[in-house]
Amino acid sequence: MLATKISRALTQLRVARAAMPAHAARRALATDAAAAAQAAAPRADAQPAPAASAAGVEPVFRARLEEHYYNTLLEDIMVLSYDHTSPAATAEALAASPEWNRSLGEHPLHDIFDVTLPQLPTLPDSQHMATSLLSLENGRPQLRKRRYRKLLYNPIDYTAVPLKVLLRKPPPPPVPPFAPVPSRMPLLKSITLKVWHDGAVTNKNILLSAIMSLQSISGVRADPLFAEKGDASKRIRAGMPLGARAEITGPRMYEFLDKMTQCVMPRIREFKGINPIGDGNGSITITLPDTAIGYFPDIEPHFDMFPRLFDTDVIINTTAKSDWETVLFLSGFQLPFLEERVVEEETIKESDDIWAKVRSAKTREERIALHKLAQEAAKAKK
Amino acid sequence: MFARRLFSTHAALRAAAKAAPSAPKEAGSKAAKAAPAAPAAAKAVPGEHKTVAVGVLLKRNPVVLPELSEFQQAYRAYREAMERDEARPFDSTFYFKKGSVAEQRWLAAQEAAAALGPDQHLVQPKEEELLKLRTAPRITAADAAGDVKSLDRALARSLYLVVQHAAGTQGWRLPQGPVVGEQLLHETRGANACMYAPRPPNRTVQAASERLAEACGSAMETWVVGKAPVGHAKDGNKTVFYMKAHIFSGKIVPSGEIKDHAWLTKEELASKLDPAYYAQISGMLSDL
């Protein structure tokens, strides 16, 4: 049977790979993949591949949200965001793009071999492990971040560069126009879980609980986060470990989203919905209260083993180009959003210092009145 | 395929808008702006639109994940086995208190699994209530009986609604009807368009949902996807623009307008529908 032949071959491969050093294993995998493709190439009269359950094999993990995205959501998002006035949606623009003219190969493995090895999401050491070949449409080469030294002084006349210019961020790239192709549709990139607690200044051990909770709910190793700047009033020194973070991608990410929407969010007390405001560039942050973390199925059965749970920031990164697109896309995974955006009004904090109020008075009359009040308060204090 | 159909439908929509100067608003306010301005005198009296009709592609999404092929299964099993080999060892002492009942159950389950053979991975001891749980079968009674009126058939596939209209001798088609008065094709929505969101009680019901309710009753929970039609087909001198809709629950209560209805997969539609008609609508249909 094909199933047993493949499993036996792959078991041997696994054993051999375990014995090999990493780079040799990668080369071996590439040649073996080519050989497997030749062996698996279908004949003209080939029947459709027999179902795996027929052989009675053990079930493998499947991220149902990932499959739902490719099977159902992608089409709906395209219809909902369709903009016929977009210049990239004209017949000429589409005919010129290779994605529109992509021809399906005779064999599904032809898709894999059209992609260069470093971009291959199925590579064992790849960051982006995909279980659907459609994700190759969205596979973009990850540009390595180039490190440029900041220009601290003007090279010609050695004058100082103003702080505003030094700290200026480059303008965000313009939003690409709508095109009805999968690569323009939003896709989940990663989810970052973050915990930050200033109280860890006095007790470092509570961070261990934070790290364990992040590892339990994410399934990956969590790393500590360190303070960038010191704050003497809170007794924080730069470099102190005060938080933890974990980043998840691929099927784990979809599974986390599933757990959050099905198990955790329905049980949060007095929860009306997520505020549909992100960073405008495809990321949105949801803060789960510490009580909500206890509802995760990875934590709830062993609740007592976690001495302390913390408010966790769930930062969902997508390839959406605006807040509207992000909200539309994530609502397809049953994330509940509020109907209206809730924008916090800037309230001027009332400080206790009466003399500060005197100094910041707008009119002369106001200043005189406040000054009188301040003097009376000082006399009463004596 | 789907994107190409969407694109050509919009070209057809623009053509239809230009052909009918006294047309009521088509889908999308921008398309309406593109249409030549209609003088007030030439506005049609409330009645059927002459060149534009609306149809509904009512889809029941797959209920269960599709079966994996042997190759896919073997590949995923291979990746999982690799991950297990290279993962950090599981620290059971963190999760269980020493000497507790839970720890004893856990260790007993691991020993039982180890007795089965070498190379066994971690086993989760199932609670009694979970052991009694029986999952529903993937092949339902409706599958065995071949009941095409049932929504419980072909759970791993998408099902589309086709009807036989009582009026006319056209045979099996997707549900369609005229655009009446000043109706739009789509439903209006609030500012934040969320997918599958519950509709406000006083939503504006427009052509697609109205025609569907008239033909198939109001015992269905449906959601029309957006403002853009997803396909078009010629019907005499009219062009039928199809709006995509999902059915989440409910059933069809056939009115006098339809003789018969069926929920079919893409392959079954290919054999049931007229080949010329199927060729026009096949691009809208999902493979799964």
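Here is the naming used below: chain letters follow the sequence lines, and residue numbers restart at 1 for every chain. Treat the numbers as computed from the prediction; the structure is a model and nothing was measured.
A side chain to side chain contact (heavy atoms under 4.5 Å, CB included) with V60(A) is found for exactly one of R76(B), Q72(B), R79(B), namely R76(B).
With sequence neighbours left out, the ring pair (Phe, Tyr, Trp, His ring centres under 6.0 Å) criterion links F96(B) to H302(A), W106(B).
Minimum heavy-atom separation, F94(B) to M305(A): O-CE, 2.9 Å.
In this structure, chain A has heavy atoms under 4.5 Å from both the backbone and the side chain of V225(B). With a 4.5 angstrom heavy-atom cutoff, Q215(A) touches chain B only via side-chain atoms. For a residue to count as touching a neighbouring chain, one of its non-hydrogen atoms must lie under 4.5 Å from one of that chain's; by this rule L94(A) touches chain B with the side chain only. Heavy atoms of P66(B) lying under 4.5 Å from chain A belong to its backbone as well as its side chain. Within the 4.5 angstrom heavy-atom criterion, atoms from both the backbone and the side chain of A91(A) approach chain B.
Side-chain atoms of N61(B) and H68(A) include no donor-acceptor pair closer than 3.5 Å.
With a 4.5 Å cut-off on side-chain heavy atoms, T72(A) and P62(B) count as touching.
Judged as a side-chain hydrogen bond (donor to acceptor under 3.5 Å, both in side chains), the pairs with a partner in residues 87-102 of chain B (not counting sequence neighbours) are, in order, S216(A)-Y95(B), D91(B)-T93(B).
Residue D76(A) holds its CG atom at 6.5 Å from NZ of K59(B), rounded to the nearest 0.5 Å.
Within 6.0 Å of CD on E80(B) lie more than 12 heavy atoms contributed by other residues, nucleotides or ligands.
The main-chain N or O of L65(B) is never found under 3.5 Å from a side-chain atom of E67(A) such that the two would form a donor-acceptor pair.
Heavy-atom pairs under 4.5 Å with chain B were tallied for F306(A), W100(A), F61(A); the largest tally goes to W100(A). Heavy-atom pairs under 4.5 Å with chain B were tallied for M78(A), R221(A), R64(A), E75(A); the largest tally goes to E75(A).
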